[in-house]
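Here the structure is laid out as structure tokens; the discussion comes afterwards.
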There are 2 protein chains.
Amino acid sequence: MEQDSRLGGGSSAEGGSPPAASGARRPGGRTAKVRRAVLDATQEALAASGFHTLNMDRIAASAGVGKTTVYRRWGSPVGLVADLLDDMAEQSLPAADTGGLAGDLRANAALVLGTLTDPRMGPVFRAVIAAAACDEECARALAGFYRTRLAEWAPVGERAVARGELPAGTDPLELLRAVSAPLYYRFAVTHEQPTPADAERAVTAALVAAAAGAFAPGGADAS
Amino acid sequence: MEQDSRLGGGSSAEGGSPPAASGARRPGGRTAKVRRAVLDATQEALAASGFHTLNMDRIAASAGVGKTTVYRRWGSPVGLVADLLDDMAEQSLPAADTGGLAGDLRANAALVLGTLTDPRMGPVFRAVIAAAACDEECARALAGFYRTRLAEWAPVGERAVARGELPAGTDPLELLRAVSAPLYYRFAVTHEQPTPADAERAVTAALVAAAAGAFAPGGADAS
DNA sequence: ATCTTAACGGAACTCACGTCCCTTTAAGGG
DNA sequence: CCCTTAAAGGGACGTGAGTTCCGTTAAGAT
């Protein structure tokens with residue numbers, strides 16, 4: 001049940017420092033290319049037909065690698081998804097800075113909405129959420145992915161506090177979660193397609209709540 | 001691939017009117033008992049080890065019925081989950097009425113939080129969300145479940161509007177979704193355990209946003 | 001250039017999942 | 001109470017996912 005090697009991680013193309021030790025690993029050309037091919041095939045398969053049909057044999061075939069390799073390095077479908085999530089977390093795109101909180105949050109909501117409704121990434125995220133609900137390792141990978149994403153956007157809230165747009169002590173992560181939550185709730189729980197109107201409503205509600213201090217400790221207690 | 005009969009539905013114990021026709025179905029004692037035993041075993045299995053390990057043979061064994069029967073009536077693990085959801089939707093518990101909107105919403109948030117953190121129902125809901133992300137029929141069943149639940153609580157918002165606590169035109173379902181969303185987001189997406197503090201924050205934010213008209217058409221546009 | 005061995009790949013094998021066929025039980029109607 | 005047949009049950013069977021074994025390729029070091 002235990003895999004025999006650590007997954008590729010971030011050490012694929014440009015290695016920082018050479019290992020130099022005798023028990024040398026070989027993350028060089030071939031291994032990196034195999035990982036890339038397999039992860040691409042995995043994302044393709046998730047986009048096309050979801051998590052429950054993810055099949056190691058088919059992934060191996062469509063990636064053009066031996067199925068033994070896929071079983072050895074990833075072990076199971078959830079292993080594939082977990083490594084895909086680690087890979088996705090590395091590809092960070094910078095947060096917006098429109099000069100105002102409302103604009104920044106709208107940009108964030110638009111990004112989330114665009115991802116969830118994208119014909120390719122929507123199904124991928126649905127599959128990844130399913131995988132995380134099935135497996136603990138996958139759940140950790142997904143949590144790590146969102147931790148990375150949210151941390152990139154945290155400056156949006158911090159700048160707003162610095163500008164005096166929001167009460168001191170406002171939690172910038174909580175603010176971002178308040179924007180994402182309604183969109184993900186629709187997407188993952190009730191399976192309604194989130195709309196631009198939903199995104200706008202989420203931004204408005206988050207702004208009002210944040211201004212009232214709902215995301216700062218001891219702020220805005222309900223009457 | 002197609003199942004040969006409609007699932008049990010609501011016609012299990014007390015039938016309203018006898019069928020009387022010649023081409024008679026038989027939803028009588030045995031069939032109903034088999035369904036109950038299988039659905040109980042399914043929920044037990046989901047609570048214990050999640051959706052991806054749900055196995056028709058084991059369900060049949062632990063329900064004490066033939067595995068042919070389980071395959072014939074439910075076809076697959078997602079069929080089991082879909083029918084379980086239909087069954088859960090029927091067991092409706094009434095909404096709170098504390099006399100004030102804040103109290104009602106707190107009761108709703110407490111109910112959601114209690115369900116998601118319950119040692120038995122938490123894993124069941126996680127499994128059900130995974131199943132819905134894997135299968136369209138299951139997704140419809142889950143959407144139906146929440147439609148039922150939300151409709152039961154809608155009077156909370158309607159009464160608040162009638163009392164003048166909220167702007168006219170406020171969508172009561174949107175208000176409830178705003179309370180649930182942050183809790184489900186944590187539960188299903190980032191896999192953090194939702195806390196009473198999260199529930200309280202969700203209620204506070206929803207109240208403030210609703211009072212500002214964020215859930216009424218044309219209300220509270222962001223500055 | 002040559003050597004060592006990490007990593008990949010092909011193919012046979014195992015066993016559990018799901019299906020099929022036929023028998024047995026009991027629900028509903030007279 | 002008996003008859004009809006819907007529905008459940010038992011067991012054999014085929015397929016494919018996952019494992020194992022061993023030969024092949026090429027990364028990294030000298």
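Every chain is numbered from 1, with letters handed out A, B, ... down the list of sequences. Because the structure is a prediction, the values reported are computed rather than measured.
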Tell me which nucleotide among C:dA7, D:dA6, D:dG18 gets nearest to the side chain of B:R30.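 Nearest to the side-chain atoms of B:R30, counting from C-beta on, is D:dA6.
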If we count only N and O atoms by modelled type, under 3.5 Å, do the side chains of A:Y146 and B:Y185 hold a donor and an acceptor together?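 Per modelled atom types, A:Y146 and B:Y185 side chains form no pair under 3.5 Å.
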Closer than 4.0 angstrom, basic N to acidic O: yes or no for [X] and [Y]?
X	Y	answer
B:E192	A:R147	no
A:D97	A:R159	yes
A:R149	A:E90	no
B:R140	B:E137	no

Please write out the pairs of protein N or O atoms and N or O atoms of nucleotides 10-16 of chain D separated by less than 3.5 Å, giving the distance to one decimal.
residue	atom	partner	partner atom	Å
D:dG10	N7	B:T68	OG1	3.3
D:dG10	O6	B:T68	OG1	2.9
D:dG11	O6	B:T68	OG1	3.4

Starting from [atom2] on [N], measure out to [atom1] on [X] and report it in whole angstrom.
X	N	atom1	atom2	value
B:R58	C:dC17	CZ	C1'	10 Å
B:K33	C:dT25	NZ	P	16 Å
B:L80	C:dC17	CG	P	14 Å
A:R35	C:dA7	CZ	C1'	16 Å
A:R73	D:dG18	CZ	P	19 Å
B:W74	C:dC17	CH2	P	19 Å

Determine: side-chain N/O of A:T31 to OP1/OP2 of C:dA7, distance under 4.0 Å, yes or no.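 Checking C:dA7 against A:T31, no side-chain N or O comes under 4.0 Å of OP1 or OP2.
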Is any side-chain N or O of B:Y71 closer than 4.0 Å to OP1 or OP2 of C:dT19?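 It does not, given that no N or O in the side chain of B:Y71 lies less than 4.0 Å from OP1 or OP2 of C:dT19.
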Salt bridge (charged side-chain N to carboxylate O under 4.0 Å, His left out) with A:D83: which of A:R36, A:R73, A:R35?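 Result for salt bridge (charged side-chain N to carboxylate O under 4.0 Å, His left out) with A:D83: A:R35.
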Applying salt bridge (charged side-chain N to carboxylate O under 4.0 Å, His left out), which residue pairs with at least one partner in residues 110-136 of chain B are found, sequence neighbours left out?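 Counting only pairs at least two positions apart or across chains, the salt bridge (charged side-chain N to carboxylate O under 4.0 Å, His left out) contacts touching residues 110-136 of chain B are B:E44-B:R120.
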Side chains of A:R186 and B:R177: does their closest heavy-atom pair fall under 4.5 Å?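 Yes, close enough: below the 4.5 Å cut-off.
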Flag the pair B:V81 / B:L85 as yes when at least one side-chain heavy-atom distance between them is below 4.5 Å, and no otherwise.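 They are in side-chain contact.
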Between the axis at one end of the helix from C:dA1-D:dT30 to C:dG30-D:dC1 and the axis at the other (five pairs apiece), what's the angle to 10 degrees?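 Rounded value for the end-axis angle: 50°.
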